[in-house]
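Positions are given from 1 along the sequence.
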Amino acid sequence: MFRLSKVIFIILLIGGLIMLTSCREEKTVKKSAFEYNNLIGHGVNMGNALEAPVEGSWGVFIDDEYFKIIKQRGFNSVRIPIRWSAHISDDYTIDKNFMERVVHVVDKALENGLVTIINTHHFEELYQDPDKYGPVLVKIWEQIAEKFKNYPDTLFFEIYNEPAQQLTPDKWNKIYPEALKVIRKINPKRIVIIDVPNWAHYSAVKDLKLPDDENIIVSFHYYEPFNFTHQGAEWVTPQLPVGVKWEGKDWEVEQIKNHFKYVSDWAKKNNVPIFLGEFGAYSKADMDSRVKWTETVRKTAEEFGFSLAYWEFCAGFGIYDRTSGTWVEPLATAALGK
């Protein structure tokens, strides 16, 4: 009887270990890029901060509390634009203090349960001379990939924001795979986001050549009509006149849907998820038009299954007033949907 009980005990023990192993395996089952894209959900860009020449020089310094505020409001993710190129030495080594600042910001975002996207933003030299500075982009990503290699899979990398100018589609299709290659050596399964060419314009999806990589998400940005979304913007030359309205007429809504369908059709053909990485209307447009446009773009993105990130949190396009510590309503609701 003792031997029989012992045998039964061993069988039960083995069975339990098998079940435990199975449970662990289930917990570590790899998500698809589409599932990760769903995790991005509704996000917001932490703009005008780390992509400025120096953080704070464009009026925004990222407060740790912002991530708690964003999470509590119901957002799922944050996209953090970063100007690494302003913080590298002659041998392209990233400044240690700047790297630690980025680490701190990423940590705070992740601690608040936000899917976090970091990119390379405003690498102006790359726009003008991609042959010379393409290898520098690769060097930068080699360091970023190494620094964050042990981070959770809710940290995503975005290779470069809005390739354009001399960084033509052909040049971009040669350069970004080199950056992806060094990322994959250190982060073989991490989600990597790739912007389409021509300022990430929706019409340029057809110009992006996709790699053989199942862990990528493709991103485009949407600011159409540009004379509405960027009216009065000081950095646009020539400056666009203020006073352009967006009324949500049937033809205006249909235009957005047609643009998004164009992206969606391409994405389905290529079996890749889509992230609307930026959309927003500058504060010099009237609030009623901004709300209608933002709500329409957000709803249309949802209809097509795109994840999205509003541009941006608390500056010229902002949905949060950092002075009063309150959300800008009804614009914030239009961007989030609740």
Side-chain angles (χ1 to χ4, degrees), residues 45-58 60-64 66-67 77-111 114-167 171-172 174-195 215-216 219 277 309 312:
N45 281 271
M46 305 303 292
N48 288 43
L50 291 172
E51 90 275 19
V54 177
E55 185 182 9
S57 64
W58 288 355
V60 179
F61 189 90
I62 298 176
D63 191 313
D64 292 352
Y66 288 165
F67 298 111
S77 59
V78 289
R79 178 176 180 257
I80 305 172
I82 304 169
R83 190 188 295 232
W84 299 97
S85 57
H87 304 276
I88 55 176
S89 62
D90 290 340
D91 66 353
Y92 312 127
T93 300
I94 298 170
D95 176 77
K96 182 180 178 181
N97 291 332
F98 184 72
M99 177 66 87
E100 290 309 312
R101 172 59 182 158
V102 173
V103 167
H104 176 84
V105 169
V106 169
D107 285 346
K108 292 303 174 184
L110 291 171
E111 284 172 14
L114 293 163
V115 171
T116 303
I117 300 162
I118 57 174
N119 75 356
T120 305
H121 213 98
H122 290 318
F123 189 176
E124 303 296 343
E125 296 87 348
L126 182 60
Y127 282 131
Q128 304 307 322
D129 194 345
D131 291 334
K132 179 178 179 180
Y133 289 97
V136 179
L137 179 70
V138 174
K139 288 279 188 182
I140 289 171
W141 272 110
E142 193 170 26
Q143 296 169 75
I144 301 169
E146 177 64 31
K147 188 68 176 182
F148 292 101
K149 65 182 180 182
N150 294 321
Y151 269 62
D153 60 359
T154 47
L155 173 64
F156 300 170
F157 295 159
E158 181 180 348
I159 293 177
Y160 188 61
N161 178 73
E162 297 184 350
Q165 297 181 344
Q166 300 306 311
L167 186 53
K171 296 284 187 184
W172 178 233
K174 291 176 182 176
I175 289 172
Y176 91 74
E178 294 302 314
L180 181 62
K181 190 183 300 182
V182 300
I183 290 171
R184 286 290 175 244
K185 286 180 181 178
I186 312 170
N187 296 256
K189 300 296 183 182
R190 188 176 302 282
I191 288 295
V192 175
I193 297 171
I194 303 168
D195 284 27
N215 296 304
I216 64 167
S219 180
E312 36 63 28

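Relative to the ring axis of Phe157, Arg190 places its NZ or CZ within 45° and under 6.0 Å from the centre.
Across every non-hydrogen atom of Met46 and Ala49, the tightest pair is O-CB, 4.0 Å. Pro53 and Ala86 make their closest contact through O-CB, 3.9 Å (heavy atoms, listed as atom of the first residue, atom of the second, distance). A pairwise comparison of heavy atoms in Ala179 and Trp141 identifies CB-CD1, 4.2 Å as the closest pair.
With values rounded to the nearest 0.5 angstrom, His122 atom NE2 is found 11.5 Å from Leu50 atom CG. Between Lys108 atom NZ and Ile80 atom CD1 the span is 13.0 Å, to the nearest 0.5 Å. Rounded to the nearest 0.5 angstrom, Phe61 CZ and Arg101 CZ are separated by 4.0 Å. Taking OG of Ser219 as the start and CD1 of Ile193 as the end, the distance is 6.5 Å to the nearest 0.5 Å. Atom CG in Asn161 sits 5.0 Å away from atom CZ in Arg79 (nearest 0.5 Å). From Lys147, atom NZ reaches atom CG of Asn150 across 11.0 Å, with rounding to the nearest 0.5 Å.
Residues Phe67 and Glu111 are not in side-chain contact: their nearest non-hydrogen atoms beyond the backbone lie 4.5 Å or more apart. Between Tyr133 and Ile175, the closest side-chain pair of non-hydrogen atoms is not below 4.5 Å. Contact of the Ile82 side chain with the Ile144 side chain is not registered, since no non-hydrogen atoms from C-beta on lie closer than 4.5 Å. You'll find the side chain of Leu155 reaches within 4.5 Å of the side chain of Val106, heavy atoms only. Counting heavy atoms from C-beta outward, Asn119 and Pro81 have side chains that approach closer than 4.5 Å. Looking at Asp131 and Asp129, their side chains come closer than 4.5 Å, going by heavy atoms from C-beta outward. For the pair Phe98/Glu55, no side-chain contact is recorded, criterion being any heavy-atom separation below 4.5 Å from C-beta on. Considering only heavy atoms from C-beta on, Gln166 stays 4.5 Å or farther from Lys171 through its side chain.
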*asked:* Between Arg83 and Thr120, does the side-chain contact (heavy atoms from CB on, under 4.5 Å) criterion hold? Intermediate values first, please.
replied: CA-CA 6 Å; Arg83 190 188 295 232; Thr120 305; over 6 Å; no

*For Phe123 and Glu125, what are the C-alpha separation, side-chain angles and deciding distance, and is it a side-chain contact (heavy atoms from CB on, under 4.5 Å)?*
CA-CA 6 Å; Phe123 189 176; Glu125 296 87 348; 3.3 Å; yes

*asked:* Using the rule given for side chain to side chain donor-acceptor pair (under 3.5 Å), can you reason through Tyr151 versus Asp107, listing the C-alpha separation, both sets of side-chain angles and the distance that settles it, and then say yes or no?
replied: CA-CA 9 Å; Tyr151 269 62; Asp107 285 346; 2.5 Å; yes

*In sequence, state the C-alpha distance, the side-chain angles, and the governing distance for Asn45 and Val78, and then conclude on side-chain contact (heavy atoms from CB on, under 4.5 Å).*
CA-CA 6 Å; Asn45 281 271; Val78 289; over 6 Å; no

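Without hydrogens or angle criteria, Thr116 side chain to Leu114 main chain gives a donor-acceptor distance under 3.5 Å. Although no hydrogens or angles enter the test, the distance criterion places no donor-acceptor pair under 3.5 Å between the side chain of Trp84 and the main chain of Ile140. Checked by atom type and distance alone, the side chain of Ser57 never pairs as donor or acceptor with a backbone atom of Ala52 at under 3.5 Å. Side-chain atoms of Glu51 come within 3.5 Å of backbone N or O of Asn48 as a donor-acceptor pair. One N or O on the side chain of Gln143 and one on the backbone of Ile94 form a donor-acceptor pair closer than 3.5 Å.
Taking the six-membered ring wherever Trp is involved, the centroid distance between the rings of Phe156 and Phe148 does not fall below 6.0 Å. Ring to ring, Trp58 and His121 are not that close: their centroids are 6.0 angstrom or more apart.
In this structure, Tyr176 and Trp172 have tilted ring planes: the angle between them lies in the 30° to 60° band.
Side chains of Asn97 and His87: a donor-acceptor N/O pair is absent below 3.5 angstrom, by distance only.
In this structure Lys189 satisfies the side-chain contact (heavy atoms from CB on, under 4.5 Å) test together with Lys30, Glu214, Asn215, sequence neighbours excluded.
Open room surrounds CG on Asp90; 12 or fewer heavy atoms of other groups in view lie less than 6.0 Å from it.
Between Lys139 and Glu178 no salt bridge is recorded (no basic side-chain N to carboxylate O distance below 4.0 Å).
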